[in-house]
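In the text below, chain A, chain B and the rest are named by the order of the sequence lines, each starting its count at 1.
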Amino acid sequence: MMAAVRRLQSYVWRYRRRYLAGGACLFITATLAMSIPYLLKRAINAIELGQSSHEVTFFAAAIVGIALVQAVARAFSRTLIFNVGRDIEYDLRNDLFAHLQRLPQSFYRAQQTGDLMSRLVNDVTAVRMLLGPAILNLVNTPLYYVYAVSIMVRLDPVLTAIALLPYPLVLIVVKHYSRQMMEQTLRVQEQLAEMSSVVQENLSGIHVVQSYVAEAAATAKFAAINRRFQASSVRLARVRGRMLPVMKVAASLGTLVVLWYGGLHVISGRLTLGDLVAFIGYLGLLAWPTMALGWMLSILQRGRAALQRLEHVFGAVPDICDAPDATPLAAVQGRIEFRQVDFAYHTPGNGHQVLDGITFTLEPGQQLALVGRTGSGKSTIAQLLPRLADVSDGQILLDGRDIRTLPLQQLRRSIGFVPQDPFLFSDAIRANIGFPLDPVDDQRVHEAATVAGIADEIAAFRHGYDQIIGERGITLSGGQRQRLTLARALAADPRILVLDDALSSVDTRTERRILEALRDTQRGRTSIVIAHRISTIQHADLIAVVDDGRIVELGDHETLLAHDGLYAEMVRQQSLEEELAEL
Amino acid sequence: MSTVATPPAAPQGDVHQEDALGKAYDARLMRRLFQYIHPYRGLFVLSLACLPLTSLFTLAQPYILKLAIDRYIANKDAAGLSTMGLLYAASVVGDFAFFYLQYYLTMLVAQKSLADLRMHLFTHVQTLPAAFFDRNPVGRVLTRLTTDVDVINEMFSAGAMTILMDVVTLLGIVLIMMTINARLALVTLSLLPLMVLAINFFRLRARESYRLIRERIARLNAYLQEAISGMAVIQLFAREDKTFRLFDQLNDSHREANHWSNIYEAMLFSMIEAVSAISIALIVWYGGGQIVAGVFAFGTLVAFIEYVQKFFVPIRDFSTKYAVMQSAMTAAERVFQLLDTPATITSAANARVPEHAPGRIEFEHVCFAYKNEDWVLRDVSFVIAPGEKIAIVGATGAGKTSIIKLLNRTYDVTRGRVLVDGVDVREWDLAALRRRIGVVLQDVFMFSGSITENLTLGHPEITAATVERAATIVNAHRFIERMAGGYHAPLRERGNNISTGQRQLLAFARALAHDPAILVLDEAPASVDTETELLIQDALEKLMEGRTAVVIAHRLSTIEHSDRILVMHHGQLRESGSHAELVAQRGLYFRLYQLQYNRPAAAAPAELRAGAAK
């Protein structure tokens, strides 16, 4: 919590001048607000005394004048303070985003996107409410109280005390209710999350539900959580229904006391009617800030919780970053060496060994193919090269240098990586292929698309390279997505190319054509290819069979076939489908 | 030309249409929403009845004030004043009670109707065909059921009902003021037309900036979500700088829209406050003169001041409520759109359940395309006799999976007919058809829940004994028993806490527990782990016993054990027959077979272990 508060303070400090200016405007607004009941009182007293309408007109005109000036001050105060709130929200979002970009993939594996989004959207909003409206009211409410109460005390101290009697009581009630509200809100949110996961799971497995005619059971499961959610929503509504009018009641009770007790004073002649009206007026001025106070209590509570949740993100350590003494290579040649590389996921409790003693050397321009069954560790080998994760033990060297001593940017920009999951942004095709380029170079985008065997299809799209893809544009087939991600990796003409099972949805013939095109345009590019179709990697300089985190066979196609081990067995198994496709 | 840092805005029309705001009131949508309120109309009418009562009690207060001042304080009647005090207290209590009642009843009705709406949505989604889920990502459908319904809820808690109350209150105030003193009322409200104009001026701008904010926050969030999902890509290409620049742009444009909105709202708010104060000045100025002239007394003045203050409260909140209504209408539109999505695969009106159903399958000139003319199956015809074991072989994309998806109506044929036990599957009672066909897919799906729950899938007629027997037969009993909790052991989402092989065995057990006449199976590729592989092969054989079985085969053992082999190629059935027949035919299958089996048998597996790498 302390770290969160300190972080918040630094943001607030940055905008102290505008906060102060806003505060000054609030001060002016409040001062002018206080003068209105006073003028009202003077006017009424004047009326009471039956004085000329001239004087009444003067007071009325004064109220108009003050109202106009006050409007300006009020507009400024709100604009200033609320805008600072928005500015801090902006800073906070940017800082969070920049921080997220530095966090390693292990962070994202442990975190659900939905949860992160809720932190970045809802929690940032909650903090903004804290810094805008809450701060405004934090200044405003005491200001109004100090002013109004001191004036009221001078009019009639006893009446003041009695009139304000309900307020502390109300504060206690509000505090009680707001705690209840917090609890109920939390419960409702939890149940909403639970309901979401029930629905999400049901939809993901809808094919099973439908083919086993299990709709009734699925519906019953949903109905149960739906009922629970409804019940707690109603409970929340009950608390809220009581909380909302409480402040209004408090203000009314104050008026009641003033009317009754003050009325008696007027009857007994101890108070003028003008004073009574002014009193009611001051009390009326307090009504709004008091209501705002109740509202603020819940903002404060939410803001506190939100700050803590944000700190969870800010507190995550970006442990994959440049070493302090990192120096770049003059030019990357592309010699890759794995030396006894071990890798384990260090989840608390059980370290799961993924790679064990991986060792190989690739000369510049050579191609390595990694084969093996799912889960054998092939992808992990590929991911260690651009430091998506760091080795647990051993070393990976690029041109003879441990990759951890290179600037991360140089390392990563010399690698064109085509991940297993063909992730594309909901953006134009040009922007997607040109993603590694800044600025995007159309010439290179086109070249990359040609090599990846997707250029003709892009040309056929209605908007060509400007075609938006994704949920809001056109839907691409798996094969098209894979070829686009390949084009993206090629756009920057990297020294090293990594294909992580990148062409699995492309048919064999196209895959072979692409691989040929790649070889033609390779120009001494080192490459690591993970493929599930063995026929396509037969020409690799080096084939490594990975099983259970270890390289069990290493050599070229002929050697490994002659060896008649796991590789030869895989070749035989896979031929069935491939040969059929060839016919 | 180079495109420098274009924010992910689309050149093609408004890509963020889904987030655009429409009308704040749409009669058609409202009528549909009211269908859900209808079952609770008694409560709803009651909550509506509370509205004028709440207003009445709120508005009585200034009037009591007026009476107290004019009749009792002015006449120095302490007893009368006390009565007024009690009356005032009563009105405060009434105000509270009826507000609470009204709010509670409204929310009760809202929650009940929205729970019904969610239920309706959920059951409807259960009936939607696979083709729908191909087009609509899970996240989008989920949003309809949760977020959108919640936004409609906002309409009840902070929008429509309170706007209604506000209107009642405003009318009440005008009415009372006119009754007390029409001329003073007219003078007091003389600024109203001017204010309405001014408010409208700012409100339109505020609304416009609010629309901008919605649009920009939607873009910002969409971008953020994508950046988080694609963070690996951003980091792989070390393009954090470029991505941050775009994010900053979106963030900044969102901030700017908010700045303007703050300015408009501050101006609007301040102006309403000023007009409220000026109205009070008018009351004093005109009313003061009248009092002096003896037309009316002080109490009227005080009451008017109170009424004016109450008058401006709802006006102040109006723009917020308007926005809530707009969002609710947009959400309702989307929700109903989902409800209107037709369930294209349903039981026919005259659906049948054949009495004698031994498990015969017939494909008659079946053509199938997922969309347009991209034929996945072309004129496929075959007959499978009851109890026959069929292996389908063919390359990826040959149409194997489509065959099994047509069988249980995951999709419907485009042309031709699929018959099960002599009846077109489209004439079958859908539930009966699917109960007769057990499906095991390659990618086994497990739900979070106990193993038993995953095997029965909630069918109450499947007993614990059946589950255990099924698990035992398919060799799953042993590992289940070893798990903490046995059959009650919880599986995590998607069955992440058990191995692929174990998931496979559980899927077999699931199919067996449901005891289908026809078994349809998309075999997973052979496991490298020999022990598991043997268990699976053994389980598969037992599972097929006594049933018609259609298996997309990946294992040679499965193919060898089948009665007949269907060879699919480019969407067509090219060959069909027993192993011996197909070999004799010397066609596609034969060439395959030669490739597979006529190689010289493997010598003793060489141990070229990691040593080669070291």
Self-check item: Working for side-chain hydrogen bond (donor to acceptor under 3.5 Å, both in side chains), residues A:Gln210 and B:Thr410
Solution: CA-CA 8 Å; A:Gln210 289 182 343; B:Thr410 302; over 6 Å; no

Exercise. For A:Val249 and B:Phe99, run side chain to side chain contact (heavy atoms under 4.5 Å, CB included): C-alpha distance rounded to whole Å, both residues' side-chain angles, the deciding distance at 0.1 Å, then the answer.
Key: CA-CA 11 Å; A:Val249 167; B:Phe99 177 89; over 6 Å; no

Self-check item: Residues A:Leu276, B:Val302; criterion side chain to side chain contact (heavy atoms under 4.5 Å, CB included); working and verdict
Solution: CA-CA 10 Å; A:Leu276 184 70; B:Val302 175; over 6 Å; no

Exercise. Could you please spell out the steps behind the side chain to side chain contact (heavy atoms under 4.5 Å, CB included) verdict for A:Leu40 and B:Val284?
Key: CA-CA 8 Å; A:Leu40 211 55; B:Val284 172; 3.2 Å; yes

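Contact of the B:Arg118 side chain with the A:Met195 side chain is registered, since non-hydrogen atoms from C-beta on lie closer than 4.5 Å. The shortest distance between side-chain heavy atoms of A:Leu259 and B:Leu65 falls below 4.5 Å. A heavy-atom distance below 4.5 Å is not found between the side chains of B:Arg435 and A:Tyr212. Counting heavy atoms from C-beta on, the side chains of A:Tyr90 and B:Asn258 never come closer than 4.5 Å. B:His254 is listed as a side-chain neighbour of A:Arg93, based on a closest heavy-atom distance under 4.5 Å. Residues B:Trp285 and A:Val64 have side chains not in contact (no heavy-atom distance under 4.5 Å, counting atoms from C-beta outward). Counting heavy atoms from C-beta on, the side chains of A:Asn94 and B:Asp252 never come closer than 4.5 Å. For the pair A:Ser196/B:Leu142, a side-chain contact is recorded, criterion being any heavy-atom separation below 4.5 Å from C-beta on.
Looking at B:Tyr100, both its backbone and its side chain come within 4.5 Å of chain A, counting heavy atoms on both sides. Proximity to chain A (any heavy atom under 4.5 Å) is restricted, for B:Phe133, to the side chain, taken from C-beta onward. For B:Asp248, the parts lying near chain A are the backbone and the side chain together; criterion is any non-hydrogen pair under 4.5 Å. Neither the backbone nor the side chain of B:Leu430 comes within less than 4.5 Å of any heavy atom in chain A. When heavy atoms are compared at a cutoff of 4.5 Å, A:Leu437 approaches chain B solely by way of its backbone atoms N, CA, C and O. Using a 4.5 Å cut-off between heavy atoms, B:Thr456 makes no contact with chain A at all. With a 4.5 Å cut-off on non-hydrogen atoms, B:Glu306 touches chain A through its side chain but not through its backbone. For B:Asp95, the part sitting under 4.5 Å from any heavy atom of chain A is the side chain, from C-beta outward, and nothing else. Only the side chain of B:Ile69 comes within contact range of chain A, with heavy atoms under 4.5 Å apart. Heavy atoms of B:His259 lying under 4.5 Å from chain A belong to its backbone as well as its side chain. Both the backbone and the side chain of B:Ala511 have a heavy atom closer than 4.5 Å to some heavy atom of chain A. Contacts between B:Val233 and chain A at a heavy-atom distance below 4.5 Å involve backbone atoms as well as side-chain atoms. For a residue to count as touching a neighbouring chain, one of its non-hydrogen atoms must lie under 4.5 Å from one of that chain's; by this rule A:Arg227 does not touch chain B. The contact between A:Gln409 and chain B is made by backbone and side chain atoms together, counting heavy-atom distances below 4.5 Å. With a 4.5 Å cut-off on non-hydrogen atoms, B:Ile283 does not touch chain A at all. Contact annotation for A:Phe229: only side-chain heavy atoms (C-beta onward) come within less than 4.5 Å of a heavy atom of chain B. The part of A:Ile36 that comes within reach of chain B is its side chain, from C-beta onward, which places non-hydrogen atoms under 4.5 angstrom from that chain. For A:Ala544, no part sits under 4.5 Å from any heavy atom of chain B, backbone or side chain. With a threshold of 4.5 angstrom between heavy atoms, B:Leu114 does not approach chain A through any atom at all. Contact annotation for A:Leu103: only backbone heavy atoms (N, CA, C, O) come within less than 4.5 Å of a heavy atom of chain B. With a 4.5 angstrom heavy-atom cutoff, B:Leu441 touches chain A only via side-chain atoms.
Ranking B:Ala281, B:Ala277, B:Gly458 against chain A, the residue ahead of the rest is B:Ala281, based on heavy-atom pairs under 4.5 Å. Per-residue heavy-atom pair counts under 4.5 Å with chain A were compared for B:Met107, B:Met271, B:Met231, B:Met267, and the maximum is reached by B:Met231. Options B:Tyr103, B:Phe237, B:Tyr286 differ in how many heavy-atom pairs under 4.5 Å they form with chain A, and the most are formed by B:Phe237. When each of B:Gly85, B:Ala115, B:Ala274 is checked for heavy-atom pairs under 4.5 Å with chain A, B:Ala115 comes out on top. Options A:Val234, A:Leu203, A:Asn226 differ in how many heavy-atom pairs under 4.5 Å they form with chain B, and the most are formed by A:Asn226.
Under the 4.0 Å criterion applied to side-chain N and carboxylate O atoms, A:Arg74 and B:Glu273 are assigned as salt-bridge partners. A salt bridge links A:Arg413 and B:Asp241; the closest N-O separation between the charged side-chain nitrogens and carboxylate oxygens is under 4.0 Å.
Summarising the geometry, atom CG belonging to A:Leu120 is positioned 8.5 Å from atom CG belonging to B:Asn221; distances are rounded to the nearest 0.5 Å. A distance of 4.5 Å separates CG in A:Leu116 from CD1 in B:Ile228, rounded to the nearest 0.5 Å. Taking CG from A:Leu100 and CZ from B:Phe247, the interatomic distance works out to 8.5 Å, rounded to the nearest 0.5 Å. The CZ atom of B:Phe122 lies 9.5 Å from the CD atom of A:Glu215; values are rounded to the nearest 0.5 Å.
If you check the side chains of A:Thr219 and B:Gln126, you find no donor sitting under 3.5 Å from an acceptor. Side-chain contact check for B:Gln61 and A:Thr255: no donor-acceptor pair (N or O, by modelled atom type) lies under 3.5 Å. For B:Gln235 and A:Gln101, the side-chain atoms include no donor-acceptor pair closer than 3.5 Å.
Ring pair A:Phe97/B:Tyr223 is tilted by interplanar angle, where 30° to 60° counts as tilted.
Taking both residues in full, the closest heavy atoms of A:Thr79 and B:Asn262 are given as OG1-O, 4.3 Å, listed atom of the first, atom of the second, then distance. Nearest approach of A:Gly434 to B:Lys242, heavy atoms of both residues: O-NZ, 3.1 Å.
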